Protein chains: 2
Amino acid sequence: MDDILRALGHLALGSRLKRLGEQLQADTQHLLDELDPLLPSGQHPFLAALDRLGPLTVGDLAQALGVSQPGVTRTVVRLVERGLVETGPGPDDQRQKIVALSAAGRELVEAAKAELWPRIDAAVAELCAGLDGPLLAQLAAIEDRLAAAPLHRRARSKERAR
Amino acid sequence: MDDILRALGHLALGSRLKRLGEQLQADTQHLLDELDPLLPSGQHPFLAALDRLGPLTVGDLAQALGVSQPGVTRTVVRLVERGLVETGPGPDDQRQKIVALSAAGRELVEAAKAELWPRIDAAVAELCAGLDGPLLAQLAAIEDRLAAAPLHRRARSKERAR
DNA sequence: GGCAATAACATAACACGTTATATAACTTGT
DNA sequence: ACAAGTTATATAACGTGTTATGTTATTGCC
């Protein structure tokens, strides 16, 4: 059974990028499972943004992440429920909601920055290493590599190599 | 406000691929809006698969598209509601559900194959044309190009060039 | 033949993306 | 100063992906 998205070439590039991104996130999740407050991989960029840029309004967070404002609003609610971020009203503008890392959120980010995120970055970099040429070919190569050895296996073998 | 996903490099590649795939699908949607039974861009690969491979079981469709079986089951329900596909029991195995294009579905596919799909393919190919080198750099280039001129503008300028 | 294991599809619950629209706060112009 | 327009966030409705689990049909073995 051949892969239809691959066979469709440029026509289905959108669907294919989405599919590959989802697989990458799912693989990454296995590595992120080591963290204490378990967090979906898709929410890590929110924490990373707040860590790098400091407290942000909902709108600024949406712009930094490149997603819609309602998407940010909903995920922020989840992060507040998990106790990883805190929100408060804007100092000048009462319409704004300022989102900031909580103590627990900062702790999680520090733990991730120290160990996990660098390992994931290295594993993904290794996954993409040596690739060159047309985009479709590189995507096919990454799909094949991922099918041969999932990301968490790559990260662990990297570990052993140290 | 800089782009956090871009700044995170390989670490957020999954999120970034998903985001770009979604944008590509959304842009593509504008072009697909010409079709009569309006269909979300993500459902086109289902029709393309059935067109290329003929009637398929739910499981085979899942494998051909590289998505989960429940995902296929749900989208097939939607396609049946729109009258684009029909389902029947498997001839040998009563557990199976065979999915096939309906007359309306075949009509839609023929219309799309004749005009729209080639135009989209060409527009996406043009979007990726001339790119080379590391994956992250190509992604950044595509994001930039898309921000400069959305896909449907590219398709239309191609049209004019004929 | 009949019970247990397997396999195919359905369903539920969750995460997450979108667009369209509502609500509330700020800004503007007269 | 107040009505009108704009802007920030919230909410609703939809599509789609996932995993976990339930149902039903088939297989296999004794």
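Quick caveat, the model's predicted, so the values are computed rather than measured. Protein chains get the first letters and strands the later ones, always in sequence-line order, with residue 1 at the start of each.
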Please state how far atom [atom1] in [X] lies from atom [atom2] in [N], giving the value in whole angstrom units.
| X | N | atom1 | atom2 | answer |
| --- | --- | --- | --- | --- |
| Leu56(B) | dC9(C) | CG | C1' | 15 Å |
| Asp27(B) | dT18(C) | CG | P | 13 Å |
| Arg82(A) | dC14(C) | CZ | P | 12 Å |
| Leu61(B) | dC9(C) | CG | P | 10 Å |
| Leu17(B) | dC16(C) | CG | P | 17 Å |
| Arg74(A) | dT19(C) | CZ | P | 13 Å |
| Lys97(A) | dA24(C) | NZ | P | 15 Å |
| Glu22(B) | dT19(C) | CD | P | 10 Å |

Is there a side-chain contact between Thr73(B) and the phosphate of dA10(C), meaning an N or O under 4.0 Å from OP1 or OP2?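 The answer is yes; a side-chain N or O of Thr73(B) sits under 4.0 Å from OP1 or OP2.
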Between Gln43(A) and dC16(C), is there a contact of a side-chain N or O with OP1 or OP2 at under 4.0 Å?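 Gln43(A) to dC16(C) OP1/OP2: side-chain N or O found under 4.0 Å.
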Identify whether Leu101(A) and Leu61(A) are in the same connected component of the hydrophobic contact network (ILVMFWY, side-chain heavy atoms under 4.5 Å).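 Looking at the clustering, Leu61(A) is in the same group as Leu101(A).
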What pairs meet the salt bridge (charged side-chain N to carboxylate O under 4.0 Å, His left out) rule with one or both residues in residues 40-54 of chain B, with sequence neighbours excluded? Asp51(B)-Lys113(B)
Applying a 4.0 Å non-hydrogen cut-off, can you work out what [X] is touching in the nucleic acid: base, sugar-phosphate, or nothing?
| X | answer |
| --- | --- |
| Gly71(A) | base |
| Gln69(A) | base |
| Val67(A) | sugar-phosphate |
| Arg78(B) | base |
| Arg19(B) | nothing |

All N/O contacts under 3.5 Å from nucleotides 26-28 of chain C to the protein, with atom names and distances to one decimal?
{"residue": "dC26(C)", "atom": "OP1", "partner": "Gln94(A)", "partner atom": "N", "Å": "2.8"}

Report, as yes or no, whether the 6.0 Å neighbourhood of atom CD on Glu107(B) holds more than 12 heavy atoms from other residues, nucleotides or ligands.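 For Glu107(B), atom CD is not crowded (no more than 12 foreign heavy atoms under 6.0 Å).
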Listed by chain and number, what are the side chain to side chain donor-acceptor pair (under 3.5 Å) partners of [X], not counting sequence neighbours?
| X | result |
| --- | --- |
| Asp33(B) | Gln29(B) |
| Ser15(A) | Gln25(B) |
| Thr57(B) | Asp60(B) |

Donor-acceptor list for residues 75-86 of chain A side chains, cut-off 3.5 Å, not counting sequence neighbours:
{"residue": "Thr75(A)", "atom": "OG1", "partner": "Gly71(A)", "partner atom": "O", "Å": "3.3"}
{"residue": "Arg82(A)", "atom": "NH1", "partner": "Leu38(A)", "partner atom": "O", "Å": "2.9"}

Using a 4.0 Å cut-off to any heavy atom of chain B, which nucleotides of DNA chain D are the first and last in contact, reading 5' to 3'?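 Range of nucleotides touched by chain B: dG15(D) to dT26(D).
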Which atom pairs, donor and acceptor, lie under 3.5 Å between side-chain atoms of residues 136-150 of chain B and protein residues at least two apart or in another chain?
{"residue": "Gln138(B)", "atom": "NE2", "partner": "Gly133(A)", "partner atom": "O", "Å": "2.8"}
{"residue": "Gln138(B)", "atom": "NE2", "partner": "Gly133(B)", "partner atom": "O", "Å": "3.1"}
{"residue": "Glu143(B)", "atom": "OE1", "partner": "Arg6(B)", "partner atom": "NE", "Å": "3.2"}
{"residue": "Glu143(B)", "atom": "OE1", "partner": "Arg6(B)", "partner atom": "NH2", "Å": "2.9"}
{"residue": "Glu143(B)", "atom": "OE1", "partner": "Arg16(B)", "partner atom": "NH2", "Å": "3.1"}
{"residue": "Glu143(B)", "atom": "OE2", "partner": "Arg16(B)", "partner atom": "NE", "Å": "2.8"}
{"residue": "Asp144(B)", "atom": "OD1", "partner": "Arg6(B)", "partner atom": "NH2", "Å": "3.0"}
{"residue": "Arg145(B)", "atom": "NH1", "partner": "Leu127(B)", "partner atom": "O", "Å": "2.6"}
{"residue": "Arg145(B)", "atom": "NH1", "partner": "Ala129(B)", "partner atom": "O", "Å": "3.0"}
{"residue": "Arg145(B)", "atom": "NH2", "partner": "Ala129(B)", "partner atom": "O", "Å": "3.2"}

Pairing residues for Val58(B) by the side-chain contact (heavy atoms from CB on, under 4.5 Å) criterion, not counting sequence neighbours: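 Here the qualifying residues are Gln69(B), Val72(B), Thr73(B), Lys97(B), Val99(B).
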